[in-house]
Amino acid sequence: MVFSPSFSLPISAPILHVLPDSDPPYNLLRCHPSLNLLSKCKNTQNLRQVHSHIIKTGLHNTQFALSKLVEFCVVSPFGDLSYALLVFESIEEPNQFIWNTIIRGHSLSSSPIRAIAYYVRMILSGMEPNSYTFPFLLKSCVKVAATHEGKQLHAQILKLGVDSDPFIHTSLINMYAQNGELDNARLIFDKSALRDAVSFTALITGYASRGCMDDARRLFDEIPIRDVVSWNAMISGYTQCGRFEEALTIFQEMQEANFPPNDSTMLTLLSACAHSGSLELGNWVRSWLEDHGRGSNLQLVNALIDMYSKCGDLDTARDLFNGINQRDVISWNVMIGGYSHMSHYKEALALFQIMLRSNIEPNDVTFLGVLPACAHLGALDLGKWIHAYIDKNFHNLTNISLWTSLIDMYAKCGNIEAAKQVFDNMESRNVASWNAMISGLAVHGHAHMALEFFSRMANEGFKPDDITFVGVLSACNHAGLLDLGRQYFNSMIRDYKISPKLHHYGCLIDLLGRAGLFDEAKTLIENMEMKPDGAIWGSLLGACRVHGRVELGEYVAEHLFELEPENPGAYVLLSNIYAGACRWDDVAGIRTKLNDQGMKKVPGCTSIEVDSVVHEFLVGDKVHPLSKDIYKMLNEVDRLLDLAGFVPDTSEVLYDMDEEWKEGALSHHSEKLAIAFGLISTKPGTTIRIVKNLRVCRNCHSATKLISMIFNREIIARDRNRFHHFKDGSCSCNDYW
DNA sequence: TTAGGGTTAG
């Protein structure tokens, strides 16, 4: 047997000779050295050593010692349930405590429903449950939303007459409240004379989870003697409902009442700060924690990191993260999630890679932070790796958000088929899953399939929300389905009672503009309940360019200049309109204006993932290590394009006025650099996937179509608005984008 | 004769 240096067994422990089921005096057992050693176990090895010791000293003949062993296995983070079960199965007639402990163990495990199975076994073996048995069982019912089983347990509780036990009473309220049956929870609460702060709080939490904070507040006011958890539950309830000011008011009331807050109060407050962006209060909490000597508590530091990153102070968040000695998975998750939340996607992925190298096991929350970063950067390989990791390591995972996040990732990374596969394999879905699928199909231009999913969704009893309609309308938009778009827009208002938001108007106005129906678009804008935003004027301006409407373009541009004076995009679009009308003086005028005001257009940037590494290219970029080879390939591409009779489209010159124009012609746009890199670094025939931060320009669009044919490559490009699948010389958008 | 209820990364 191997002894770890920090752990040694007592040499002379008393040997007990006892008969089974006849435990010796408890005072002798309770303080027996072997049992005291249990609390010092730090791993399974230690546990086995103590178990051997228990056997050597004869203690294994007592149910008391075995119950302590089983309890340790079940409760301690260094124990494990399977070991507890081994011991349990070796006991001929386990006592009530041991049965309860095994049930408790299952309620704490990853499959709490098994607690019920052991309860059934307990009854069948002839052992009666007691008032300790039910809180464990009811907790399991909460975890797996087993309302039906919970009700059966309720019947048993009434039959046994233990319903007046305060613990069972609160557990029942909690079970009903958490499973959405608030009326039943209330019934139990009202019928009983038991009214301590704990049962009040259980009901308050139920109301809070349903957004009924006014009911919660009434109950809170009725609590005879409040305790710290009831205060915390109120702060947390308001926070969850997005009523941050009221959350802070409760905290103020708490202070005025001289009620001392605890760590949980601070955790809850930090969560309120994170959600509402209250950096000032967050800083106050931080100094409170330092003043009270809680500044290095891991859970609190994690909450501080979360607060700072959500408030946009990523540097302070990272400093705190770096300062932690022993980070847990939550530390990593909040930092990665913070980067992702603030659109620092590259940092999110970089930190995730460090996490893996540090041998920290990621969990579902980690992936909820990483997958959106993959989606934005188009990091399909990493996304696929995560999918495989989940399949391998997380069986029976019922986290709908995670699967939905995978759908979104696949769709945004250009693999809509994989997105659909994930969707089809989901055991249960929610509105968000349908929304992800519908908008995924929409950006890929599969309008009819998106609309088909919309009908399926309604048929399966899901109620579409405003986000669903953004997907539906953008599906119509990307396919130019004007009549259908109008119909869905009207149906949204009439049949689903959803009032249109800017996004919905944006889709419809874009559709109308592209179809040249400017009068209808203008009327719609004038009748909107809110002021149009830059996106709406912008799409109209784009439509003016397509239809060569110079005067209207000037009128629309004026609105855009007023709304977004710093945005050079509007000037660029207007100059393209002038260029289309050969009004070169006006083109030059805008150019001067842009230069005078020192405005620079957002540089075009395209990324491509090769062998799990994301490579980024800016216009005319020469910093890539393989730059020479890339430009060699670029020359070859240009030569072949020329041979194929390609004539560059220079109608959008100003669009590329600054760096790109200076770099010469249009041949060094970032997407072309990325494609050239893709051509030299992947095997012939491999699909090339690229992601561009701006809309793809006309010239590159025509060039890419030809490249797909010349090199026999499928090229999937995501631009700011949608996907383009280039194949055999044509594009899935049918030149409509 | 050892235990059990309500708040606390998305």
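Remember, it's a predicted structure, so these values are computed and weren't measured experimentally. Here is the naming used below: chain letters follow the sequence lines, and residue numbers restart at 1 for every chain. Computed over heavy atoms, backbone and side chain alike; hydrogens, waters and symmetry mates excluded.
The side chain of Ser236(A) places an N or O atom within less than 4.0 Å of a non-bridging phosphate oxygen (OP1 or OP2) of dT8(B).
Applying a 4.0 Å cut-off to non-hydrogen atoms, the residues of residues 287-311 of chain A that approach DNA chain B are Asp306(A), Lys310(A), listed by residue number. Residues from residues 315-350 of chain A with heavy atoms under 4.0 angstrom of DNA chain B, sorted by number: Ile330(A), Asn333(A), Val334(A). Residues from residues 254-270 of chain A placing a heavy atom under 4.0 Å of any atom in DNA chain B, listed by number, are Ser264(A), Leu267(A).
Here Thr205(A) lies in heavy-atom contact (under 4.0 Å) with sugar-phosphate atoms only. Among the heavy atoms of the strands lying under 4.0 Å from Ala197(A) is at least one base atom, whether or not backbone atoms are also near. Here Gln96(A) lies out of heavy-atom contact (under 4.0 Å) with every strand.
At a cut-off of 3.5 angstrom, counting only N and O atoms as typed in the model, there is a donor on one side and an acceptor on the other between the side-chain of Asp227(A) and the base of dG6(B). Contact of Ser131(A) with dG4(B) (side chain to base): a donor-acceptor pair of N or O atoms is detected under 3.5 Å. Remark: the Ser171(A) side chain and the dG5(B) base include no donor-acceptor N/O pair separated by less than 3.5 Å.
At least one donor-acceptor pair under 3.5 Å links the side chain of Gln63(A) to the backbone N or O of Glu93(A).
Residues satisfying the salt bridge (Lys or Arg N to Asp or Glu O under 4.0 Å) criterion with Asp466(A), sequence neighbours excluded, are Lys501(A). The ring pair (Phe, Tyr, Trp, His ring centres under 6.0 Å) check on His344(A) picks up nothing, with sequence neighbours excluded. Under the side-chain hydrogen bond (donor to acceptor under 3.5 Å, both in side chains) criterion, Glu222(A) pairs with no residue at all, not counting sequence neighbours.
Judged by the 6.0 Å and 45° rule, Arg195(A) forms a cation-pi pair with Phe189(A).
Between His292(A) and Trp288(A), the ring planes lie parallel to each other; the angle is under 30°, not in the 30° to 60° tilted range.
For the 3.5 Å distance criterion, the side chains of Arg114(A) and Ser111(A) qualify, holding a donor opposite an acceptor.
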